[in-house]
There are 2 protein chains.
Amino acid sequence: MEVVTLKDIAKALNLSTSTVSRALRDSYEINEKTKILVAEYAKKVNYRPNPIALSLKDNKSRAIGVIVPEIANNFFSQAINGIEDEAYSRGYHVVICQSHESLEREKENLRHLFERRVDGILISLSGKTMDIEHILEYSESNFAVVFFDRVPDSEGFHKVVADNFLGAFAATEYLIKQGKKRIAHITSPLTLSITKERLEGYKKALEKHGIEVDNQLIKHCGFDPEEAKAAVNEIMNYQNPDAFFTCSDRLALHCYEAYQNRKNELSAETEFFGFTNLNVSHLFSPKLSTVVQPAYEMGTRAAKILLDQLESKRKVKDFEKIVLETYLKIS
Amino acid sequence: MEVVTLKDIAKALNLSTSTVSRALRDSYEINEKTKILVAEYAKKVNYRPNPIALSLKDNKSRAIGVIVPEIANNFFSQAINGIEDEAYSRGYHVVICQSHESLEREKENLRHLFERRVDGILISLSGKTMDIEHILEYSESNFAVVFFDRVPDSEGFHKVVADNFLGAFAATEYLIKQGKKRIAHITSPLTLSITKERLEGYKKALEKHGIEVDNQLIKHCGFDPEEAKAAVNEIMNYQNPDAFFTCSDRLALHCYEAYQNRKNELSAETEFFGFTNLNVSHLFSPKLSTVVQPAYEMGTRAAKILLDQLESKRKVKDFEKIVLETYLKIS
DNA sequence: AAAAATCCTGAAAACGATTGCATAAATTAA
DNA sequence: TTAATTTATGCAATCGTTTTCAGGATTTTT
């Protein structure tokens with residue numbers, strides 16, 4: 001498979017590169033016969049415009065960046081599937097970076113993507129990201145940014161999120177309807193938008209059913225397995241709950257593990273509910289029910305907004321916030 | 001963050017772009033004072049060479065492509081982590097594509113990456129890929145290819161694989177030492193290199209311990225959950241085995257699910273062994289032990305070979321085949 | 001003091017594509 | 001027949017870099 005350029009075609013057909021270029025893009029200035037001649041030859045030699053030359057010409061890379069905490073996590077890998085499907089179908093490349101829940105890495109990712117001249121990025125913030133100064137810095141220079149899942153409070157950005165409030169509310173209410181009264185809630189750091197919304201959903205459900213919120217049953221922790229374990233232990237030392245509702249993919253699994261290890265100290269009826277997209281949760285025992293986010297759709301929607309913005313002439317002024325429904329996967 | 005070009009610097013300092021370019025790359029031809037002047041100014045305005053211009057210039061994109069069956073699979077997402085770490089640290093971008101176990105998609109991925117002018121690719125073949133005609137087509141035009149995990153039989157390529165034979169041998173032997181005598185083996189289609197090697201390991205272990213190979217206990221199937229279920233059912237209808245040894249990440253999980261559903265029909269001692277990198281296998285019940293591949297290392301090694309080849313002057317003539325050790329994760 | 005060597009810098013071409021402008025050739029109008 | 005118009009094509013600049021070549025200025029050698 002040899003790489004053919006416009007110049008090669010021009011030389012072969014004894015035309016100028018400009019004529020060939022125009023013929024291929026069906027310009028009105030070119031004779032019909034010439035067009036056919038060129039088109040046939042181009043097809044024969046399998047000509048493809050060099051995307052790098054085009055990028056240089058119009059100062060667009062036709063590539064977008066994605067920054068996620070980690071891809072070895074079903075929620076994010078499903079979201080990436082969505083992003084890639086949308087992007088590839090529209091002729092864009094996708095460059096994936098992982099922040100590994102570190103602000104430093106997130107900054108490096110941003111710099112890297114910016115220097116590589118991606119046209120825009122999709123980002124789900126790291127667990128350590130408190131503000132978005134480092135992103136604002138870039139978003140000025142017509143570098144489009146769309147947030148998904150873990151979004152900042154700030155106005156002035158496109159965002160695609162799950163209905164974290166309702167998801168947490170539904171899960172909590174489900175547990176209550178199962179007769180649970182002491183529902184522990186272990187969740188991610190309060191810096192994350194998702195944390196607050198889910199906590200609200202949890203509290204609202206308790207409130208609706210006349211159960212008092214017990215702050216001792218609520219723990220925040222990071223993504224270190226030890227922290228999760230400690231949180232479960234603390235809660236169990238305080239009082240054995242009859243249900244756990246834990247959030248955030250990775251964290252929920254760490255908690256589940258600690259819970260599984262101490263399951264024998266709990267009543268057989270104790271239930272465990274997560275907020276994850278783990279695609280094998282139904283194979284777990286003791287059972288693990290989860291709130292599932294429409295990860296794939298979140299990916300396509302976020303990518304669509306970004307690409308629409310990149311391809312629109314005028315600057316976007318009103319920012320969309322799309323909220324997608326979650327559903328419960330009861331095991 | 002404004003984008004600055006060489007020309008901007010040249011204009012600001014009243015020099016020519018060539019002088020600026022040379023100064024920045026510390027050419028011996030440039031006066032020390034000029035160099036310092038340029039370097040300081042470049043730093044001040046945060047100059048970064050435009051990678052797209054460089055790509056055009058030296059006909060390299062400094063991007064590599066990766067084609068895997070799917071990323072929502074721990075083995076591949078870990079391998080990708082390795083690939084990205086190696087590639088980013090050497091200034092390369094990584095473009096990930098998924099074949100979704102389809103030959104058609106694999107071809108599309110190839111075409112896409114080739115047209116996008118990646119400098120080379122890392123590929124793990126789809127479950128439907130019987131030959132590599134479609135890859136040969138490209139590999140001629142100095143488009144480097146390195147295979148990993150699922151590699152073709154053909155000579156003349158760099159390959160990085162796990163020691164599938166030994167991994168399967170060790171798992172089977174472990175089961176035998178646990179007293180199992182009727183070990184079922186459900187595995188991927190024989191078109192895949194990994195299938196053959198693992199099957200050999202399984203047979204060799206039986207042989208070593210004087211257990212006759214029963215072909216009725218061996219089933220090949222694709223990646224559709226129903227096929228896996230059917231395979232488990234067929235085997236159980238034939239004769240209840242006292243152990244299952246199933247291969248290939250996704251497939252092994254499908255089998256496990258079928259097995260879990262019919263567990264009550266089996267003796268309590270029945271064991272299940274998979275060949276997967278699932279990072280939550282220890283949370284499963286009934287227990288799921290697995291042969292684990294060094295996925296991350298496989299990624300870094302494969303990427304290293306590819307990048308070394310891309311950066312070496314002369315054409316590589318002897319091709320490496322790297323075989324990495326697996327280990328057992330007993331639950 | 002003239003010739004040779006050294007040092008520093010800039011102009012221009014190249015990579016592959018697009019596009020404004022110029023122009024030759026063919027056609028039509030006067 | 002000449003002028004005006006249309007048609008079809010090519011030239012050259014552009015995007016941001018690197019690099020070859022050329023040459024002016026300064027220093028060293030004879």
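Per chain, numbering begins at 1; letters A, B, ... match sequence-line order. Computed from a predicted model, the values in this text were never measured in an experiment.
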What's the closest nucleotide to the side chain of [X] if the choices are [options]?
X        : options                   : result
Thr17(A) : dG10(C), dT19(D), dT18(C) : dT18(C)
Ala53(A) : dC21(C), dG16(C), dT17(D) : dG16(C)
Arg22(B) : dT19(D), dT18(D), dG16(D) : dT19(D)
Asn31(B) : dG16(C), dC8(C), dA12(C)  : dC8(C)
Ser21(B) : dT19(C), dT18(D), dC21(C) : dT18(D)
Arg25(B) : dA17(C), dT9(C), dT18(D)  : dT18(D)
Asn50(A) : dG10(C), dA17(C), dT9(D)  : dA17(C)
Ser16(B) : dT18(C), dC15(C), dA11(C) : dA11(C)
Leu56(B) : dG16(C), dG10(C), dT17(D) : dG16(C)

Once you apply a heavy-atom cut-off of 4.0 Å, does [X] come out as touching a base, just sugar-phosphate, or nothing?
X         : value
Leu6(A)   : base
Arg117(B) : nothing
Asn59(B)  : nothing
Ser18(A)  : base
Asn14(A)  : sugar-phosphate
Ile52(B)  : nothing
Tyr47(B)  : sugar-phosphate

Handout entry: Donor-acceptor pair (no angle test) under 3.5 Å: Ser55(B) side chain, dC15(C) base
Key = no
Practice task
Ignoring backbone atoms, establish whether Thr19(B) has a side-chain N or O less than 4.0 Å from OP1 or OP2 of dG10(C).
Solution key: yes
Practice task
Kindly say if Lys7(A) contacts the phosphate of dC15(C), meaning a side-chain N or O under 4.0 Å from OP1 or OP2.
Solution key: yes
For [X] and [N], what is the distance between atoms [atom1] and [atom2] respectively, to the nearest whole Å?
X         : N       : atom1 : atom2 : answer
Tyr28(A)  : dT9(D)  : OH    : P     : 14 Å
Asp58(B)  : dT20(D) : CG    : P     : 13 Å
Arg116(B) : dG16(C) : CZ    : P     : 17 Å
Glu29(B)  : dT26(D) : CD    : P     : 19 Å

Check whether any side-chain N or O of [X] sits under 3.5 Å from a backbone N or O of [Y] as a donor-acceptor pair, and report yes or no.
X         : Y         : value
Lys107(B) : Ile135(B) : no
Glu70(B)  : Gln98(B)  : no
Thr5(A)   : Lys7(A)   : yes
His158(A) : Glu320(A) : yes

Practice task
Look at Glu311(A) together with Arg90(A) and state whether they make a salt bridge at an N to O cut-off of under 4.0 Å.
Solution key: yes
Practice task
Output yes when Asp26(A) and Lys35(A) qualify as a salt bridge under the 4.0 Å nitrogen-oxygen rule, no when they do not.
Solution key: yes
Problem - Along DNA chain C (nearest heavy atom to each residue), the more 5'-positioned of Thr34(B) and Lys57(B) - result: Thr34(B)
